Amino acid sequence: MKPHEYKFVVPHELSEVMSIIRGLSTVDEVKVPTWESSGRVLSRDVVVPIDIPPMSKAAYDGYAVRSADVVKVPIKLRVVGSVSIGTVPNIELGPMETAYVTTGAYIPRNADAVVPEEYVEIVSDNEVLINKSIKPWENVDPAGSFARKGEVALREGTVIMPWDVPALLELGIGEVWVRRKVRIYIVATGSELVEAKEPSDVINAIINGKVVESTASMIRDYINVYTPYAEVVGKVIVPDDPEAIRNAVTQGIDRADIVITTGGTGPSGVDYVYEVTQSLKPQAYVRGLRMRPGRPTGIAVLSSNKVIINLSGHPISTLNALTIIVKEVIKQMAGVKVDMPEPRVNASLVKGQLGDEELARQYRVRVTRRGNEYLIEEIPRQGSSLTHTLLTVNGLVFTGKGQIIKEGQQAEVLLLRQPPSIDTEK
């Protein structure tokens, strides 16, 4: 294989990438049943279709009454029936009449209050003694008291959370308009890469100078966890060959909205990803970012609103690009305005300083909790090739270009796992 000529480029500012991302169009919308909508992004406001509840409901187990009949107590009322939740009453209360109702059941016509059963004595099969006076609409959820027809339940751009689903169903919303999932295709490049199929393959790869593919798999797993409104529709491993890389990328473009490449972004004679991306004649292409780790990151936008993102083969560099760049691309194309919450806290730097005057940086840190206070400590070795250090940290701190965080100052931390607590009594 003939080595190609590689030219270093001046890295771009993050603001240039963000400008490109903001110009991306959202993907198409589809209608889905509400019970299948968790994790999807609303493409339209969700509007309540009817008054909820459509009829007045009992807030307690007890006896539905006409409040005017129980101003003076104790008083006897005639029992004319009962209503359980899940049925529509065919009872109409007359003067001095009552009906037993369960919590959540519609109350009979003419009833405007419910007396809880602990204030009622049963006199006979068809007569009870009411021992507590009641005000109009007491212990009742009147018609329309939960929501009115036409009210907006959730706004467009909101990611539907699991607990939103039962709430929407309670409001009578059986289907919603959402963005289809953003489709992602991952191309892992590198002749040294192998896919482990047996546990023994891992050690064998190391002994034989190979590398078990993990960066592309990490991207897939990150997308599954942090962006449920996207889906990985394919993942392939290709050697350091320009034709193989181009074929894989073009196949990905046909199948997906975003093609993510890993590896092949270095200055060696076998790194072809940039020139393959450039050969596809993108409308915009930012190659190399003023950030560390993840300096080789590139993003290209094709005329069809397809996106190619070039990432390093190192998991640590890719992790920074995932949290800073890739997620923002996915959110823009999915139309996200109100996202899933991320595990972020403000923490105080114990010693030293974080930040760089020339570059945006992401630091791996150890986070501890002391009472209600979070503390962070930078690990001494931050090299992007030291993937194993991810096992010794539990947080990431991002600093923008020129942002310096000194000892005792606070920084926002993206938690990777739960921080341990420090014994405050010592």
Side-chain angles (χ1 to χ4, degrees), residues 18-19 21-60 85-89 103-107 109 111-114 136-184 223-231 257-258 305 323 326-344 412 414:
M18 296 307 170
S19 178
I21 292 173
R22 286 191 291 270
L24 295 172
S25 300
T26 53
V27 296
D28 299 333
E29 64 176 1
V30 294
K31 189 183 288 186
V32 299
T34 299
W35 53 89
E36 296 178 0
S37 67
S38 182
R40 306 298 289 272
V41 184
L42 289 171
S43 59
R44 305 183 189 184
D45 290 349
V46 179
V47 177
V48 180
I50 59 173
D51 287 348
I52 302 294
M55 294 183 284
S56 298
K57 300 171 67 174
Y60 286 92
I85 188 170
T87 62
V88 177
T103 302
Y106 294 132
I107 62 175
R109 292 186 297 278
D112 66 351
V114 172
W137 305 113
E138 192 171 348
N139 301 322
V140 168
D141 294 317
S145 59
F146 293 175
R148 290 289 186 183
K149 179 180 179 180
E151 287 183 3
V152 176
L154 279 180
R155 292 289 182 185
E156 172 263 335
T158 300
V159 177
I160 300 175
M161 302 301 290
W163 40 87
D164 292 329
V165 173
L168 291 171
L169 292 172
E170 184 182 63
L171 296 180
I173 298 161
E175 58 185 5
V176 290
W177 283 97
V178 298
R179 296 292 169 190
R180 67 163 174 80
K181 289 190 175 186
V182 177
R183 302 179 187 121
I184 298 169
I223 289 167
N224 289 340
V225 173
Y226 289 99
T227 59
Y229 35 84
E231 60 181 339
D257 306 295
I258 303 170
N305 197 51
T323 58
V326 176
K327 187 174 184 183
E328 292 304 312
V329 173
I330 296 172
K331 286 171 59 177
Q332 176 68 25
M333 298 187 81
V336 175
K337 295 179 181 177
V338 182
D339 200 4
M340 295 171 56
E342 285 188 332
R344 294 181 182 266
E412 185 181 66
L414 173 62

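Bear in mind the structure is a predicted one, so any value in this text is a computation, not a measurement.
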Problem - Note, R40 side chain near V176 side chain (heavy atom, < 4.5 Å) - result: no
Problem - Nearest heavy atoms of I85 and A105, plus distance in Å - result: N-CB, 3.5 Å
Practice task
Kindly indicate, with the supporting measurements, whether the criterion side-chain contact (heavy atoms from CB on, under 4.5 Å) is fulfilled by E231 and R183.
Solution key: CA-CA 5 Å; E231 60 181 339; R183 302 179 187 121; 4.0 Å; yes
Practice task
Give the intermediate values and the outcome of side-chain contact (heavy atoms from CB on, under 4.5 Å) for residues I184 and I330.
Solution key: CA-CA 9 Å; I184 298 169; I330 296 172; 3.5 Å; yes
Practice task
Please round to the nearest 0.5 Å and tell me the distance separating atom CD1 of I21 and atom CD of E328.
Solution key: 6.5 Å
Practice task
Apply side-chain contact (heavy atoms from CB on, under 4.5 Å) to E342 and K327, showing your working.
Solution key: CA-CA 12 Å; E342 285 188 332; K327 187 174 184 183; 2.7 Å; yes
Exercise for the section: Locate the shortest heavy-atom distance separating S56 from A143; write the atom from each residue and the value. Expected result: OG-N, 3.3 Å
Completion exercise
Interatomic distance, OH@Y60 vs CD@E138, rounded to 0.5 Å, equals 9.0 Å
Handout entry: Exercise: identify the closest heavy-atom pair between Q332 and L24
Key = NE2-O, 3.1 Å
Practice task
Count the heavy atoms belonging to other residues, nucleotides or ligands that lie under 6.0 Å from CZ of R155, then report whether that count exceeds 12.
Solution key: no
Problem - Non-hydrogen side-chain atoms of V140 and D112 separated by less than 4.5 Å - result: no
Problem - Side-chain donor or acceptor of T26 paired with backbone N/O of A334 under 3.5 Å - result: no
Practice task
May I ask you to decide if W177's main-chain N or O and S43's side chain share a donor-acceptor pair within less than 3.5 Å?
Solution key: yes
Exercise for the section: Indicate yes or no: at least one non-hydrogen side-chain atom of K57 is less than 4.5 angstrom from one of S145. Expected result: no
Exercise for the section: May I ask you to decide if G144's main-chain N or O and D51's side chain share a donor-acceptor pair within less than 3.5 Å? Expected result: no
Problem - Which atom of P142 lies closest to which atom of W137, heavy atoms considered - result: CG-CE3, 4.3 Å
Exercise for the section: Return the minimal non-hydrogen interatomic distance between R148 and V48, and the atom names on each side. Expected result: O-CB, 3.6 Å
Completion exercise
Distance col, row R179:CZ vs E29:CD, nearest 0.5 angstrom, shows 5.5 Å
Exercise for the section: Report the C-alpha distance between V178 and V41 in whole Å, list the side-chain angles of each, state the deciding distance to 0.1 Å, and finish with yes or no for side-chain contact (heavy atoms from CB on, under 4.5 Å). Expected result: CA-CA 5 Å; V178 298; V41 184; 5.8 Å; no
Problem - Short side-chain to backbone donor-acceptor contact, D45 and V152, under 3.5 Å - result: no
Practice task
With the side chain counted from C-beta on, respond yes when V165 and S37 share a heavy-atom pair under 4.5 Å apart, and no when they do not.
Solution key: yes
Exercise for the section: Please identify each residue that fulfils side-chain hydrogen bond (donor to acceptor under 3.5 Å, both in side chains) with T323, with sequence neighbours left out. Expected result: Q362
Problem - Heavy-atom closest contact (K331 atom, D339 atom, distance) - result: CD-OD2, 3.6 Å
Practice task
Could you tell me the separation between the CD atom of E175 and the CD atom of E36, rounded to the nearest 0.5 Å?
Solution key: 11.5 Å
Practice task
Would you mind reporting whether S38 and D164 have side-chain heavy atoms less than 4.5 Å apart?
Solution key: no
Exercise for the section: Check the surroundings of atom CZ in F146: do more than 12 heavy atoms from other residues, nucleotides or ligands lie under 6.0 Å from it? Expected result: yes
